[in-house]
Novice: 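Quick one: the structure is below, questions incoming.
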There are 2 protein chains.
Amino acid sequence: MDLRKWRVLRAIVDDYIQTAEPVGSRTVARKYGLEVSAATIRNEMADLEDMGYLEQPHTSAGRVPSDKGYRFYVDTLLCGTEPMAADAEAVRQVLAFKAARLDQLVRQAAHLLSEATDFLAVATQPGGGGERLAGLQVVPLHGSEAVVVLVGDDGRARTKVIRFAHSPSARDLEQIGRALSERLRGQPLRALAGGRLGALAAELGQFREVIDRVKELLAEPDAGPERVVVDGATNLLKQPEFREVASAQRVLQALERDRLLGEMLGLPLPRLNGLEVAIGREIPLEEMADCSLVTAVYAAPGGVMGRIGVLGPRRMDYTRVMRLVEGVAGAVTKALGEDTGPERGGPGLDAPPKRSADRRDRGER
Amino acid sequence: MDLRKWRVLRAIVDDYIQTAEPVGSRTVARKYGLEVSAATIRNEMADLEDMGYLEQPHTSAGRVPSDKGYRFYVDTLLCGTEPMAADAEAVRQVLAFKAARLDQLVRQAAHLLSEATDFLAVATQPGGGGERLAGLQVVPLHGSEAVVVLVGDDGRARTKVIRFAHSPSARDLEQIGRALSERLRGQPLRALAGGRLGALAAELGQFREVIDRVKELLAEPDAGPERVVVDGATNLLKQPEFREVASAQRVLQALERDRLLGEMLGLPLPRLNGLEVAIGREIPLEEMADCSLVTAVYAAPGGVMGRIGVLGPRRMDYTRVMRLVEGVAGAVTKALGEDTGPERGGPGLDAPPKRSADRRDRGER
DNA sequence: TGTTAGCACTCTCATCTATCGAGTGCTAAC
DNA sequence: GTTAGCACTCGATAGATGAGAGTGCTAACA
């Protein structure tokens, strides 16, 4: 790939991003400062197509970037640009939004992302049980019913209603809560689901009833607030690539059906820190072949919390979107860092996560 | 409106519901056992159009029911049919679903409704502060932070992270919680937001910091789990009336933007108990002119809890949908009644809410 | 007076055709 | 290696046409 091919590819991607129309040799020659004629461009384009960077919708139309073409564009074109430059507005708003609770902050950040990009914003919250138990109470309701409340150190609570065979006194319930609370505080919820609780059940036979219910509560997949946040789903309908309902429906339904996307976002991607771009079929969901997913991790001083980003048509302004996502994720991270207060100490993760340098050497497929 | 007109109107609505195509005089004469010729039907149809029950998309197409036509159909055609007859399956599933918590039950019911109808299901949860305080705790986190947890008698919890100027001891926090809990237990959360808390603040000066935060928490609009549940939004894209994105987008965006629909559902409709059908422009949202909304209230022994129903194209099988919605709402009510256990006493609301008899005499607009 | 048959008319929709234009690939000249 | 020219392809667009469905009206009929 020589320099001129590179410039042609870049011109085509840029133009296609802008117009959503296949771009021809003439346009490239005219609008982008290549100092050669259309015929020359044509030759280059034919080569680029052979190499797999371009595709032709039909014989006599212009060229369109392929997944590989976008990938190359994203990997090479953006290095060197200052990441946090523009789009300070959305970032500023995230920082200005004072939310003490992680889920509210993330929700707000996702909302801003979807507004700023006109795409669908998506984010994962930890909630997978990684948070630690801050407290456990058993609150009496009417009669023989009570509520078990697990409070995590992220400030969120999970609850479950339980019914006793007998009607225990409020004092009893309080004691149960206190006893369990003292013994389990500080444990990650996920760990509780496993052995720790079982051991306790043996030790404190009388509390078995409650302990069993707590186990059930922990086993419930979405016991906490929704783990995957989606915002601005209807934005996708604005995009020209989804002009016909069928295609839009496929994507939206895939998103609604399995929250598989969440699974994917949740996976700790091996060597990829920070900003991540998945283009077309790089997304492991057949229905998303025409989409791209741009995400970044956000973190609290304790470590990585989740991912936040946007899902849009494959033809998107990667420069802008990547900056925006990186900026917003960084702002969330920053907000989480500040929230813990200055006494926290340690370097933490206030700086936005570094962009991985080896993004390029992943498989093409 | 004589008997024959009535039968013609019914035939047209039935046929249009089934085919989604404007229906002509010939079809009516042939397929529906009217013993007159197409020409006669034509005359009747012209009359019905004059009276406002039918509309003509263009000069030489069949007729389509107007809002008024649907309204008449719904009001007259359905009286006498056994409401809970068919569609027992979805109802059975609601009853089989053992959810101790109201919000889970409602969510599940909405999901079943959307699956059964292929429309969008929508439901409101009380959460507007009507639930009573079952307990209040202040759970310490790290450093000077703590979580205020309000547990409602519906088994749900609201939380807010607060930060103290000083770092209070765990004992102090526990005491604060206990003190507030004892004084406020049993109060509706909505009432707390008003005077009751203010009075307490004066009485217990030292707790002012916490009390203020509790006030803030109560003021947050969606501090609890989402108040309006929506399920199966993409189902709408399946409907032929939303074949072009623009129309679908209008509706979905209206739904996403303002949760105004929730507002509307939340309004205690004056004399209308139980099942409620809003057709086309009867829905006070311009964007929903091509939709109909069928909802029913569900209740717990304590009283009405909310509404649940579906939003679909105006051309829907009202008989089936109304039965289904009524059945599911009834099942939810029943489940809520049983959940409280047999010791509850009193007649309660186990039976599904009665269908209002005076649905007909509302303005035509 | 209500009902029916017949008929001319209207309007949409699908199909077909011709045309236009953008864009390509190839060849030959520079 | 680059460029100009040219024939060719193919999709999109615009009319033209015909079929079909449905109506409204009129006149005949019970």
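Since the model is a prediction, treat every value here as computed from it, not as a measurement. FYI, side chains are in, hydrogens and waters are out, and symmetry mates aren't considered; it's all heavy atoms of this structure. Residue numbers start from 1 in every chain, and the chains themselves are labelled A, B, ... in the order their sequence lines are given, proteins ahead of strands.
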Novice: Return the 5'-most residue of the pair A/Glu49, B/Ala38 with respect to DNA chain C, ranking by each residue's nearest nucleotide.
Specialist: B/Ala38
Novice: Reckon A/Thr59 touches a base, only the sugar-phosphate, or nothing at all at heavy-atom distances under 4.0 Å?
Specialist: sugar-phosphate
Novice: So if I take every side-chain heavy atom of B/Gln56 and compare against D/dT23, C/dC11, D/dC10, which nucleotide ends up nearest?
Specialist: D/dT23
Novice: Measure the distance from CG on B/Asn43 to C1' on C/dT1 and round it to the nearest whole Å.
Specialist: 13 Å
Novice: Measure the distance from CD on A/Glu35 to P on D/dT2 and round it to the nearest whole Å.
Specialist: 13 Å
Novice: Give a yes or no on this: more than 12 heavy atoms of other residues, nucleotides or ligands lie within 6.0 Å of atom CZ of B/Arg30.
Specialist: yes
Novice: Tell me which nucleotide among D/dT3, C/dA5, C/dT12 gets nearest to the side chain of B/Ala39.
Specialist: C/dA5
Novice: Between D/dA21 atom P and B/Lys31 atom NZ, what is the distance in whole Å?
Specialist: 14 Å
Novice: Assess whether a salt bridge exists between B/Arg314 and B/Asp67, defined as any Lys/Arg side-chain N lying under 4.0 Å from an Asp/Glu carboxylate O.
Specialist: yes
Novice: Between C/dG2 atom P and B/Asp47 atom CG, what is the distance in whole Å?
Specialist: 11 Å
Novice: Distance check: side-chain N/O of A/Arg42 vs OP1/OP2 of C/dA22, anything under 4.0 Å?
Specialist: no
Novice: Measure the distance from CE on A/Met45 to P on C/dC26 and round it to the nearest whole Å.
Specialist: 14 Å
Novice: Ignoring backbone atoms, test whether A/Arg4 places a side-chain nitrogen or oxygen under 4.0 Å from the OP1 or OP2 oxygen of D/dG1.
Specialist: no
Novice: Between P on D/dG20 and NE2 on B/His58, what's the gap in Å once rounded to a whole number?
Specialist: 16 Å
Novice: So what does B/Ala61 touch, heavy atoms closer than 4.0 Å: a base, only the sugar-phosphate, or nothing?
Specialist: sugar-phosphate
Novice: Would you say B/Gln56's side chain and B/Thr59's backbone share a donor-acceptor pair under 3.5 angstrom?
Specialist: yes
Novice: Rounded to whole Å, please give me the gap between CD1 in A/Ile41 and P in C/dG23.
Specialist: 13 Å
Novice: For the pair made of CD1 in A/Ile12 and C1' in C/dG23, what is the distance, rounded to whole Å?
Specialist: 12 Å
Novice: With respect to the phosphate group of C/dT24, does any side-chain polar atom (N or O) of A/Arg26 fall under 4.0 Å of OP1 or OP2?
Specialist: no
Novice: For C/dA14, give its Watson-Crick or G-U wobble partner with both distances under 3.5 Å, or none.
Specialist: D/dT17
Novice: If we ignore angles and hydrogens, is there a donor and acceptor under 3.5 Å between the side chains of A/Asp14 and A/Tyr73?
Specialist: yes
Novice: Just by distance, with hydrogens left out, do A/Tyr318 and A/Ser292 show a side-chain donor and acceptor under 3.5 Å apart?
Specialist: yes
Novice: Establish, with yes or no, whether the OP1 or OP2 oxygen of C/dT24 is under 4.0 angstrom from a side-chain nitrogen or oxygen of A/Ser25.
Specialist: yes
Novice: Output yes when at least one side-chain N/O atom of B/Ser60 is less than 4.0 Å from OP1 or OP2 of C/dT12, else no.
Specialist: no
Novice: With a 3.5 angstrom cut-off on both distances, give the Watson-Crick or G-U wobble partner of C/dC30, or none if there isn't one.
Specialist: D/dG1
